[in-house]
Structure formats: C-alpha cells, structure tokens
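Structure, as structure tokens:
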Amino acid sequence: MEPDVLGPPYERQTIDLGTDDEGPVVATLVRRRADRPTGRAVLYVHGFVDYFFQTHVADFFAERGWDFYALDLRKYGRSLLPHQTPNFCLDLGDYFPELDAAAKIIREDEGHDTLLVMGHSTGGLIISLWAHARRDDGIVDGLVLNSPFFDINAPWVVRRPLVAAVSRLAGRSPRRIVPAGVSNVYGESLHAERRGEWTYDLAWKPLGGFPVRAGWLAAVRAGQRQLRSGLDIQVPVLLACSTRSFRGAKWHDSAALADAVLDVEHMVRWAPRLGRHVTLARFDGGKHDLTLSGPDVREKVFAEVGRWAEAFLGAGPTPAAPASERPAEDGGDQEGTEAGAQN
C-alpha cells in the first residue's frame, strides 16, 4: 500500500491487469482501516463517471469496526491512464478480474472473515452479475445496491429497439459516441461549486460526464438483459433507492430531492430478479447516489444499512472500548457508547 490522494488514513494499492487493445490496464484498491477492527470488511464499487471520494461512507463503516476498501475500476478515477478511453469497456465481465483480485486481498491476504460488497449505479449492476457468477465460491456475504443501473432511463422505444440497434453498431464501431449521457442537472446538484455540498476531482468525475460509446452501451444492455432474465445471488441483498426520479433537462430545485439519472421504478421492478433474499428500502428526498443526498436522508440511509447488516450479517456496532483504552475526558469509569455514536 502507498499513500492515497485523499491523505491519511487512506492508502492505495495498484492492481496490474495486464494489457488490452489500448495498452496497459490497472485497477486501484483504496483502504481505510477501522480503529477497532472486527474481522469485517466492505468493498465499495462506484458507478459510471465516478470514482471513490465519499469518505463519509468509509467513516460510517470504520466506526462500526469494518475495514473499508474501495475499488476504482479500470479506466476510472485513479486507474484511468493517459492512453485510455475513459470509463470504457466491451463487457461488464471485464471488471471481474479486479473484483476477484480485491476480494483475494481482503479475504486471503488481509484475513477478513466477512465481506460486504456495496455498489452504486453501474457498480451495482456489475457487482450483482459478479456475485451471481461467484455464487458458489463463498466470497461475498452480502450486497448493498445503491440506486443500481438495472435499465436504461428512457421510453420503451429507446431502451429496447433503439438500444438494440446501437448494440449492433457496437460490433463495427465500439467507440462511436452515441447521443446519451449523464445529466448535467445531477452534477449541478452535487458539486460544491454549483448547487451541492461535495468537492471532488472534476477531471475524474466531470459535471457533464464522459461520452457514452456504443460498445459500453452494448455491454450494459447485455448485463441488464442477464439480470432481467434472473440471477441466483445466494446472499442477502439490500437494494436502496429514492422514492422518485427527476426527468427535467434544466435545473429545478426538485432535482436535489430525487434521482436525476435513473428511473427508480426500474430498480423496484427488477429487484426480485436478483435472488431469493432481497430487501427493498426507499428514501424520500434521496439523490441518485443516496450517500450524497441531504444530511437528513444520508442519516436514514446509513441507519438502514446498519440495521440490515446487523439483522442479516450479524454485524452490529463495534463494542465499546475497555475502560483502560478510553481517553481520560470520557470518564474511564463510565460505560462507553457504541462506536457509531462516538463522533
């Protein structure tokens, strides 16, 4: 591990993935250790036009005794190399090698006995397909899907016949740009220089996104078709999303209180196709990335994740520190509080 761009206590490790038709390929595993580890770990996987910067998510898990890991997939964020097409792939299965490598580091090299995998948007679709493919390997203990990308947010004629036509085009011109992309409105709602509260690297997560290319769209379509046909994920799944979507092309204050990227009803519709044990939680006022919603919504999201992990993974809050380990100002003779309430 080496120091990460986020600074201490974050470290990162580069995962060498060989080469593809553009040249060398890497992924990046970021780590934040818990102060009082419990043998549990969470692996976070970002969405399209994204990378890991949500340190408050890591704080939540670390305070509960989870060692936190985040994976910047190939051609995203820390892993994007100068010669590469940003965020591009031809098959969502292309990401399985870095997920396998990250899980090996977490499970075997660093000795964790519980692994929760959390994915946002396209990352939620990717980890669902991966968990299905690895369902007999005992790698994953649970999934948390944060507004997963289960269908194209467009009318039926676009998301079925038109996207099918684009997919056929991908065979001849996989890097051709298609007229679709991430809403500018969503970026407006997030970044502190616009209407949001978050600061992140706009080179890695541009407000208007990166171009959508035919090959990537075909890969997503194939993954979504597999999901809709039915997966057999063997572990508990928590699917969380907003209660409503925002579909305007121009800013409106309601965009800050809804999913401005995807249709949340698609997530609800296809959730039962994940497996036999799926919990659905919806949050009024939630943004596309629920963890970047307003403070009140974020608090509810984290509380739900905590309750779900305790109920289905037996992973409650970290026990209080022994009296001998508490700072003097805490009053060493008093009963300690749960780790999740010590901030």
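Predicted model, so just to flag it, every value in this text is computed and none were measured.
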remark   = Sequence neighbours excluded, the answer for ring pair (Phe, Tyr, Trp, His ring centres under 6.0 Å) partners of His277 is Phe312
side-chain hydrogen bond (donor to acceptor under 3.5 Å, both in side chains) involving Thr291 - partner list, sequence neighbours excluded = Asp289
ask   = Taking atom CG of Asp35 as the centre, does the number of heavy atoms from other residues, nucleotides or ligands within less than 6.0 Å exceed 12?
value = no
Ser147 side-chain N/O to Ser121 backbone N/O, donor-acceptor pair under 3.5 Å = no
inquiry  = Counting only heavy atoms not in Glu2 (residues, nucleotides, ligands), do more than 12 fall under 6.0 Å from its CD?
reply    = yes
request  = With sequence neighbours excluded, tell me which residues meet side-chain contact (heavy atoms from CB on, under 4.5 Å) with Ala27.
outcome  = Ile15, Leu17, Leu71, Ser79, Glu98
inquiry  = Going by side-chain contact (heavy atoms from CB on, under 4.5 Å), name the residues that satisfy it together with Arg282, two or more places apart in sequence or in a different chain.
reply    = Cys241, Thr243, Val264, Glu265, Val268, Leu280
key: Donor on one side chain, acceptor on other, His288 and Asp259, under 3.5 Å   = yes
remark   = Residue pairs meeting salt bridge (charged side-chain N to carboxylate O under 4.0 Å, His left out), one or both in residues 139-150, sequence neighbours left out, come to Arg107-Asp141
task = Check Asn87, Ile126, Thr28 against Leu73 for a side-chain contact (heavy atoms from CB on, under 4.5 Å) and give me the one that passes.
result = Ile126
inquiry  = According to ring pair (Phe, Tyr, Trp, His ring centres under 6.0 Å), who are the partners of Tyr200, at least two apart in sequence or on a separate chain?
reply    = Phe53, His191
query = Taking it one step at a time, do Phe52 and Tyr69 satisfy ring pair (Phe, Tyr, Trp, His ring centres under 6.0 Å)?
reply = CA-CA 10 Å; Phe52 171 67; Tyr69 298 80; over 10 Å; no
remark   = Those residues at least two apart in sequence (or on a different chain) that pass side-chain contact (heavy atoms from CB on, under 4.5 Å) with Glu22 are Asp20, Lys75, His83, Gln84, Thr85, Arg175
ask   = Quick check: does any side chain N or O of Arg273 sit under 3.5 Å from a backbone N or O of Arg228, one acting as donor and the other as acceptor?
value = yes
Salt bridge (charged side-chain N to carboxylate O under 4.0 Å, His left out) pairs, two or more places apart, involving residues 246-258 = Arg247-Asp263
ask   = Is any side-chain heavy atom of Val261 less than 4.5 Å from a side-chain heavy atom of Val185?
value = no
message = Could you check whether any side-chain heavy atom of Leu90 comes within less than 4.5 Å of a side-chain heavy atom of Pro174, counting everything from C-beta outward?
response = yes
query = Between Glu304 (side chain) and Ala281 (backbone), is there a donor-acceptor pair under 3.5 Å?
reply = no
request  = Decide salt bridge (charged side-chain N to carboxylate O under 4.0 Å, His left out) for Arg40 and Asp67; before the verdict, give the C-alpha distance in whole Å, the side-chain angles of both, and the deciding distance to 0.1 Å.
outcome  = CA-CA 6 Å; Arg40 302 192 291 262; Asp67 285 336; over 6 Å; no
message = Show every salt bridge (charged side-chain N to carboxylate O under 4.0 Å, His left out) that has at least one partner inside residues 198-219, sequence neighbours left out.
response = Asp50-Lys205
note = Partner of Phe48 under ring pair (Phe, Tyr, Trp, His ring centres under 6.0 Å), picked from Trp216, Tyr95, Phe210, Tyr186, is Trp216
query = Mind checking what makes ring pair (Phe, Tyr, Trp, His ring centres under 6.0 Å) contact with Trp198, not counting sequence neighbours?
reply = His56
Members sharing Val26's hydrophobic cluster (side chains within less than 4.5 Å) = Leu81
ask   = Who passes ring pair (Phe, Tyr, Trp, His ring centres under 6.0 Å) against Trp204, sequence neighbours left out?
value = Tyr51
